[in-house]
Amino acid sequence: MQKIKIGVLISGGGSNLQAIIDATRKAELNMAEVAVVISNKTDAFGLTRAKNAGIEALFIDPKAFANRVLFYEKVVEELKNRGVQLVCLAGFLLKLEPNIIAAFPRRILNIHPGPLPRFGGKGMYGHFVHEAVIAAQVEFSAVTVHVVDEEFDHGPTVAQMPVPVLPGDTPERLAERVLKEEHLLYPQAIALYLKQLGLVPASK
Ligand code: GRF
């Protein structure tokens with residue numbers, strides 16, 4: 001069977017990218033393959049991870065374009081040229097423009113290191129999320145995988161895993177436990193969503 005092609009957009013370390021790549025090489029996600037990894041940062045370690053895994057890795061510089069829409073036109077072109085059917089954001093820090101969302105309707109997923117919608121939105125990323133969760137004294141943080149729409153951290157949830165906030169937690173400690181869960185949840189959520197889209201038979 002022809003594998004489903006995933007394109008991954010990153011800006012940094014790419015540990016979620018690694019989890020996705022690893023899962024495509026096991027039963028968990030072997031109906032899919034990562035066809036290309038695109039970064040908006042030249043020094044993103046995720047690019048090295050992709051190359052090490054034998055996957056095409058592209059740096060596309062947003063500054064080389066007159067505006068973001070043109071930048072995303074290029075990103076879409078590269079994704080489409082490789083037959084990408086699902087786009088996964090994995091620590092991709094730029095806001096998407098409507099043109100890329102329209103090019104992949106309901107076909108873009110994101111992972112967020114906290115409960116949505118409460119701990120999401122503009123400026124709510126990385127350590128800001130964990131700081132806000134601790135300051136709010138909630139019992140649980142979470143990992144949330146959701147479909148991307150025009151609003152930040154907004155589209156429907158595909159999968160969510162609660163992560164307990166422990167007494168004395170620091171943002172760093174919480175971040176570490178959340179990240180471990182991200183690596184487990186993202187590949188599973190992708191597999192579920194591919195079935196949901198009808199791209200793989202439900203029995204697989
Ligand atoms: C993760 O915490 C993810 O939830 C968020 O950005 C971080 C990316 O980490 N969107 P990595 O680059 O996958 O290691």
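Counting from 1, the numbers follow the sequence of the chain as shown. The model shown is predicted, which means the values in this text are computed figures rather than measured ones. Just so you know, ligand 1 is whichever comes first in the structure, and atom 1 is the first atom listed for that ligand.
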If you round to the nearest 0.5 Å, how far is CG of Leu96 from CD1 of Ile101? 5.0 Å
Roughly how far, to the nearest 0.5 Å, is the CD1 atom of Ile100 from the CG atom of Leu9? 5.5 Å
Could you work out, with salt bridge (charged side-chain N to carboxylate O under 4.0 Å, His left out) as the rule, every residue matching Glu56, not counting sequence neighbours? Arg82
Should you measure from each heavy atom of Gly13, which atoms of ligand 1 turn up under 4.0 Å away? 12 (O)
Can you list the atoms of ligand 1 that are under 4.0 Å from a heavy atom of Ile111? 3 (C), 4 (O), 5 (C), 10 (N)
On a heavy-atom basis, I'd like to know which of Gly91, Ser11, Pro113 is closest to atom 6 (O) of ligand 1. Gly91
Counting heavy atoms only, name the option from Glu182, His127, His112, Arg49 that's nearest to atom 2 (O) of ligand 1. Glu182
Do the side-chain N and O atoms of Ser15 and His183 include a donor-acceptor pair separated by under 3.5 angstrom? yes
Distance to 0.1 Å, residue and atom name: give those for the protein heavy atom nearest to [atom].
atom                    : value
atom 12 (O) of ligand 1 : Gly14 N, 2.8 Å
atom 9 (O) of ligand 1  : Asn16 ND2, 3.9 Å
atom 14 (O) of ligand 1 : Ser15 OG, 2.5 Å

Heavy-atom pair of closest approach, residues Leu109 and Tyr186: O-OH, 3.2 Å
With Thr48, which residues qualify under side chain to side chain contact (heavy atoms under 4.5 Å, CB included), at least two apart? Phe45, Asn52
